[in-house]
Amino acid sequence: MTSSSASFAVEHYDLAATLSSGQAFRWRQVEDAWEGVVGSRWVRLCQEPGRIRARTAEPVADWNWLRHYLQLDVRLEDILAAFPDDEPMRQSVESCRGLRLLRQEPWECLASFICSSTKQITQIRQIVALLCQRFGHTVAVPNGGAAACAFPTVQRLAEASEAELRQCKLGFRAPYLAATARKLARGEVDLARLSELPLEPAREQLLALPGVGVKIADCVLLFAYGFPQAFPLDVWIIKALRQLYFPNRRPKMARLRRFSRTHFGSQSGYAQQYLFHYMRTKRRPGKEVAS
DNA sequence: GGCCAGGCGCGTA
DNA sequence: TACGCGCATGGC
């Protein structure tokens with residue numbers, strides 16, 4: 001077995017913030033690097049000044065899969081320039097220059113976020129890890145490294161019983177994940193074709209899946225399909241909008257939804273991720289970074 | 001020990 | 001359309 005390595009020049013790319021920011025759940029910090037599985041490849045990423053180094057366990061001839069996953073060709077300056085010029089966005093960008101959006105595989109992203117409802121990010125990581133251990137096929141790792149698994153296929157989870165899923169700590173989410181996997185396995189929704197659709201029809205397709213509401217649909221539309229105006233409204237973002245844009249007022253959810261669609265411009269999804277990260281990491285009395 | 005977590009689905013009004 | 005509630009589980 002021969003490992004492979006590569007080096008990518010990057011500007012304004014905060015790898016640690018990006019991989020730990022609650023959009024993907026399979027990255028583990030190991031010393032000064034990040035280890036994870038992308039598709040069926042184990043990979044170790046390391047940030048160095050002006051570059052990201054990558055190492056795999058098996059030979060790699062073409063690194064486009066990783067360039068795509070990390071969105072290395074996106075010019076962050078162009079995206080930040082599209083943000084509204086207001087104080088909350090300035091603070092959010094100031095708190096973390098280099099936060100990026102990944103481009104994840106749709107099924108893994110969808111399944112992970114079905115597991116996410118009323119869970120903290122650390123718990124989502126744990127659930128996803130258990131699903132991979134139990135239902136994913138093993139992938140090659142470097143000699144002496146810990147075993148690693150791919151994310152389970154649709155078919156494998158469609159065959160899993162609700163009880164087996166509950167053993168992965170899914171709780172009341174287990175029937176949702178099972179039902180969605182089965183629906184996809186039957187071909188009732190084709191995730192591969194959603195990228196051909198405009199935002200609204202793509203969202204409608206996702207909303208037809210059990211356990212998928214507007215918030216989870218928007219996470220998948222943003223993190224897996226790259227719709228730049230998908231804007232997941234979760235508890236953190238609702239808190240952010242209330243505190244930062246409507247202080248001392250009591251906007252209703254309908255007002256916040258309208259605001260989220262109209263205020264943040266052509267890259268509102270990215271803006272949302274900056275707000276999310278800002279709210280989770282800014283100092284709160286007596287607390288460190290939320291997990 | 002109580003509150004809350006990158007919600008959803010369903011019943012009521 | 002707009003709330004309220006139950007649903008498992010664990011971190012803090």
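We name chains A, B, ... by the order of the sequence lines, and we start the count at 1 in each one.
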Task: Pairwise P distance for dC4(B) and dC5(C), with rounding to whole Å - done: 15 Å

Task: salt bridge (charged side-chain N to carboxylate O under 4.0 Å, His left out) partners for D62(A), two or more places apart - done: none

- [ ] Would you mind reading off the distance between Q123(A) atom CD and dC3(B) atom C1', rounded to a whole angstrom?
- [x] 13 Å

Could you pull out every donor-acceptor pair under 3.5 Å between side chains of residues 207-222 of chain A and any protein atom, sequence neighbours left out?
unit_1  : atom_1 : unit_2  : atom_2 : d
D218(A) : OD1    : R203(A) : NE     : 2.8
D218(A) : OD1    : R203(A) : NH2    : 3.0

TODO: Return the set of residues passing ring pair (Phe, Tyr, Trp, His ring centres under 6.0 Å) with Y270(A) (not counting sequence neighbours), or none when no residue passes.
DONE: none

Open item on the list: Checking Y274(A) now: which residues fulfil ring pair (Phe, Tyr, Trp, His ring centres under 6.0 Å) with it, not counting sequence neighbours?
Closed with: F83(A)

- [ ] Rounded off to whole Å, could you give me the NZ-to-C1' distance for the K239(A) and dC3(B) pair?
- [x] 12 Å

Task: Partners passing ring pair (Phe, Tyr, Trp, His ring centres under 6.0 Å) against Y225(A) (at least two apart in sequence or in another chain) - done: none

Task: Short side-chain donor-acceptor distance under 3.5 Å, D86(A) and H263(A) - done: yes

Open item on the list: Regarding T56(A) and R41(A), do their side chains bring together a donor and an acceptor under 3.5 Å, going by distance alone?
Closed with: no

Open item on the list: Measure CD1/I127(A) against P/dA5(B) and give the value in whole Å, please.
Closed with: 16 Å

Task: Atom-pair distance (CG on L256(A); P on dA2(C)), nearest Å - done: 12 Å

Open item on the list: Applying salt bridge (charged side-chain N to carboxylate O under 4.0 Å, His left out), can you list everything that pairs with R261(A), at least two apart in sequence or on another chain?
Closed with: none

- [ ] Only pairs at least two apart or in different chains count here, so list each salt bridge (Lys or Arg N to Asp or Glu O under 4.0 Å) that has a residue in residues 177-192 of chain A.
- [x] R186(A)-E188(A)

Open item on the list: Please report the distance, rounded to the nearest Å, between CE in M253(A) and C1' in dG7(B).
Closed with: 11 Å

Using the 3.5 Å cut-off, write out each protein N or O paired with an N or O of nucleotides 4-8 of chain C and the distance between them.
unit_1 : atom_1 : unit_2  : atom_2 : d
dA8(C) : O4'    : F172(A) : N      : 3.4
dA8(C) : N3     : R173(A) : NH2    : 3.4

Open item on the list: At 4.0 Å (heavy atoms only), tell me whether T180(A) reaches a base, stays on the sugar-phosphate, or touches nothing.
Closed with: nothing

Open item on the list: Within the 3.5 Å criterion, strictly below it, is a donor on S21(A) or Q23(A) matched to an acceptor on the partner's side chain?
Closed with: yes

Task: Under the ring pair (Phe, Tyr, Trp, His ring centres under 6.0 Å) test, residues paired with Y13(A) that sit two or more places apart - done: none

Task: K252(A) or K169(A), whichever maps to the more 5' nucleotide of DNA chain C - done: K252(A)

Open item on the list: Measure CD1/I114(A) against C1'/dT9(C) and give the value in whole Å, please.
Closed with: 18 Å

Task: Euclidean distance, atom CD of residue Q120(A) to atom P of dG10(C) [Å, nearest integer] - done: 12 Å

Task: Residues in contact with DNA chain C, drawn from residues 93-113 of chain A - heavy-atom cutoff 4.0 Å - done: none

Task: Test salt bridge (charged side-chain N to carboxylate O under 4.0 Å, His left out) applied to E196(A) - qualifying residues, sequence neighbours left out - done: R193(A)

Open item on the list: When the P atoms of dG6(C) and dC3(B) are compared, how many Å lie between them, rounded to an integer?
Closed with: 15 Å

Open item on the list: Near DNA chain C, counting only heavy atoms under 4.0 Å, which residues of residues 207-235 of chain A show up?
Closed with: none

- [ ] Return the value, rounded to whole Å, for the distance between atom CD1 of I121(A) and atom C1' of dG7(B).
- [x] 14 Å

